[in-house]
There are 2 protein chains.
Amino acid sequence: MSSASKPKPQRSVTLATFLPYRLNVLATVVSGGLGRIYGERFGIGIPEWRVLATIGEFKRITAKAIGQHSEMGKVKISRAAASLEERGFIQREANADDLREMFLTLTPAGQSVYDEIVPLALNYAAQLTADLSPDEEATFGMLLDRLLARARKEFDGSEL
Amino acid sequence: MSSASKPKPQRSVTLATFLPYRLNVLATVVSGGLGRIYGERFGIGIPEWRVLATIGEFKRITAKAIGQHSEMGKVKISRAAASLEERGFIQREANADDLREMFLTLTPAGQSVYDEIVPLALNYAAQLTADLSPDEEATFGMLLDRLLARARKEFDGSEL
DNA sequence: CCATCATAGTTACATTTGTAACTATGATTC
DNA sequence: GAATCATAGTTACAAATGTAACTATGATGG
């Protein structure tokens, strides 16, 4: 070992400056705020919203594909879909080519709810970033993606 | 109404580019990754870690104060503290000046666990941001704080 | 000081979520 | 073309979390 300058091995964690904690707090506050909007008006929760949003985006999609696009386990999707179907917001249609899977589509009622939520959700996101310049917003999104890519690598164990 | 140029009212939400969703995904992956570290080795969950970290930071603190510093409800703290006490990681000590509250402190065993987790947690956070330059990291943190401040305002209802 | 009100923390109950097993169907291989 | 293996989705059970009620103590105001 040469030169010097110990990089100051900290002996404690300050929660308020600890990134995993801060990310969790922000995500919780944001999810809660947005969830309140569609929760109060339409009585649906986050998993239901994600399923609805994914069907709204892809029009006709299987539960498995929803899982890949929405980061949810199949159990959660199954439950959310059952709940949305009960309320008449989505329909299930067996795939004749593979009877294991079902295509999900929005009913007219579901499309109508979706059409109502979309502007509320977009507005929420716009309000959330209202204090940021377009540049800052783009930067934040870019860094978010890079952090996510890194977090997904799980750091291959060598440093744990 | 004058001029023109509709600001293109989007008719759908692309989940993959929707900030609340992306924040939630990142926070979930990060919490999961970090949680696995102290979960597997010490058998503690996120609420326990937060309580432990807060006591480690403040040395002697009431449950209420932990709540203020760690964004957790009192029920969660009560349960986490009970679990940590059962395992001999923390001690409770009634405040003679106000018998309603209890000061929590780390036992030697708890301090030892804390001392083991701190470098792991700091290292996790360092690995997480390893792809970012110091400038980018600072920028991300700053924007995170501004978003959090904004999200907390709950947008005063006028735009909902 | 005693009646009311507020607060710290716990407990009870309901809701949500995750894990694992299961059911039904499809793919593969010998 | 039966036996094995893989996959989509559901169900059953367990663990975690939230909401509300409760207990004990302290503060306040007449």
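Chain identifiers are assigned alphabetically (A, B, ...) following the order of the sequence lines, protein sequences preceding nucleic acid strands; residue numbering begins at 1 within each chain.
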| query | Is a side-chain N or O of A/T129 found less than 3.5 angstrom from the main chain of A/L132, in a donor-acceptor match? | reply | no

| query | Between which nucleotides of DNA chain D, 5' to 3', does chain A make heavy-atom contacts below 4.0 Å? | reply | D/dA6 to D/dA12

| field | Distance-only donor-acceptor check, side chains B/R50 and B/T54, under 3.5 Å | value | no

| message | Give the residues of residues 83-93 of chain A touching DNA chain C, defined as any heavy atom closer than 4.0 Å, sorted by residue number. | response | none

| field | Within residues 68-77 of chain A: residues closer than 4.0 Å to DNA chain D (heavy atoms) | value | A/K74, A/V75

| task | Check B/T105 against B/E93 and note the closest heavy-atom contact, atom names and distance. | result | CG2-OE1, 4.4 Å

| query | Is the closest side-chain donor-acceptor distance between A/S83 and A/R79 under 3.5 Å? | reply | no

| Do B/M102 and B/M72 belong together in a cluster built from hydrophobic side chains that touch within less than 4.5 Å? | no

| note | When B/F103 and A/I46 are each assigned the nearest nucleotide of DNA chain C, the 5'-most assignment goes to B/F103

| So do A/Y38 and A/I46 actually touch side chain to side chain, heavy atoms under 4.5 Å? | yes

| message | Whole angstroms only, please: what is the CE-C1' distance between A/M102 and C/dG26? | response | 16 Å

| task | On DNA chain C, check which nucleotide each of B/E101 and A/D97 is closest to and give me the residue with the more 5' one. | result | B/E101

